[in-house]
Undergrad: 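Please read through the structure below; I'll follow up with questions.
Just the heavy atoms: all of them, side chains too, but no hydrogens, waters or symmetry mates, feed the values below.
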Amino acid sequence: MTIFAAPVFDATVIFEDKELFKGQGAAKGWAEKLAKELETEITVQKIGTGWALCGTVDGEACQWGIHGQRLKRIN
């Protein structure tokens, strides 16, 4: 099963119309899972009042948040 189909039941916050992880710890846990699936380094970054997952895929900088309890690219 892909990480993108797994439900995200962690607490979230909305910042500038983006749903982000509320806690750094939860974001780090999902970053580890995403890093394994994409086979690339994924970090967490504070954006406003929440935390996003950040990494580079195919040479392009990407950020992921949450949409409908699933991970979604936000940039």
Side-chain angles (χ1 to χ4, degrees):
M1 180 169 93
T2 175
I3 189 76
F4 294 100
V8 177
F9 290 120
D10 294 283
T12 63
V13 296
I14 305 294
F15 181 76
E16 294 181 351
D17 296 326
K18 296 175 183 148
E19 188 173 5
L20 306 170
F21 290 93
K22 184 176 183 178
Q24 182 180 18
K28 282 184 178 180
W30 281 92
E32 290 174 8
K33 295 174 189 177
L34 185 59
K36 285 180 186 175
E37 177 149 336
L38 298 180
E39 297 178 345
T40 189
E41 183 180 350
I42 303 294
T43 61
V44 298
Q45 177 183 354
K46 180 86 167 170
I47 297 178
T49 57
W51 294 87
L53 311 182
C54 302
T56 302
V57 177
D58 296 330
E60 184 178 343
C62 302
Q63 292 180 327
W64 294 267
I66 304 162
H67 180 75
Q69 294 183 341
R70 302 288 188 267
L71 286 181
K72 179 185 177 199
R73 211 163 136 181
I74 59 173
N75 66 335

Undergrad: Could you walk me through whether T56 and C62 satisfy the side-chain contact (heavy atoms from CB on, under 4.5 Å) test, starting with their C-alpha distance in whole Å, then the side-chain angles of each, then the deciding distance to 0.1 Å, before giving a yes or no?
TA: CA-CA 6 Å; T56 302; C62 302; over 6 Å; no
Undergrad: How would you list, by chain and number, every residue that makes a side chain to side chain contact (heavy atoms under 4.5 Å, CB included) with A5, sequence neighbours excluded?
TA: M1, T2
Undergrad: Could you state whether I74 and L53 fall into the same hydrophobic cluster, counting links through intermediate Ile, Leu, Val, Met, Phe, Trp or Tyr residues with side-chain heavy atoms under 4.5 angstrom apart?
TA: no
Undergrad: So which atom in V13 and which in G50 form the shortest heavy-atom distance, rounded to 0.1 Å?
TA: CG2-CA, 3.5 Å
Undergrad: Name all residues meeting the side chain to side chain contact (heavy atoms under 4.5 Å, CB included) criterion together with T40; count only those two or more places apart in sequence or in a different chain, and write none if there are none.
TA: L38, I42
Undergrad: From W64 CH2 over to L71 CG, what is the distance, rounded to the nearest 0.5 angstrom?
TA: 9.0 Å
Undergrad: The criterion is side-chain hydrogen bond (donor to acceptor under 3.5 Å, both in side chains); which residues satisfy it with Q45, sequence neighbours excluded?
TA: Q63
Undergrad: Distance-only check: which donor-acceptor pairs under 3.5 Å involve side-chain atoms of residues 18-33, not counting sequence neighbours?
TA:
{"unit_1": "E19", "atom_1": "OE2", "unit_2": "T12", "atom_2": "OG1", "d": "2.9"}
{"unit_1": "W30", "atom_1": "NE1", "unit_2": "D10", "atom_2": "OD2", "d": "2.7"}

Undergrad: Just to verify, what does R73 make a salt bridge (Lys or Arg N to Asp or Glu O under 4.0 Å) with, not counting sequence neighbours?
TA: E60
Undergrad: Using side-chain heavy atoms (C-beta onward) and a distance below 4.5 Å, is V44 in contact with C54?
TA: no
Undergrad: In the hydrophobic clustering (ILVMFWY, side-chain contacts below 4.5 Å, transitive), which residues join F9, or is it alone?
TA: none
Undergrad: Rounded to the nearest 0.5 Å, what separates atom NZ in K72 from atom CZ in F4?
TA: 12.5 Å
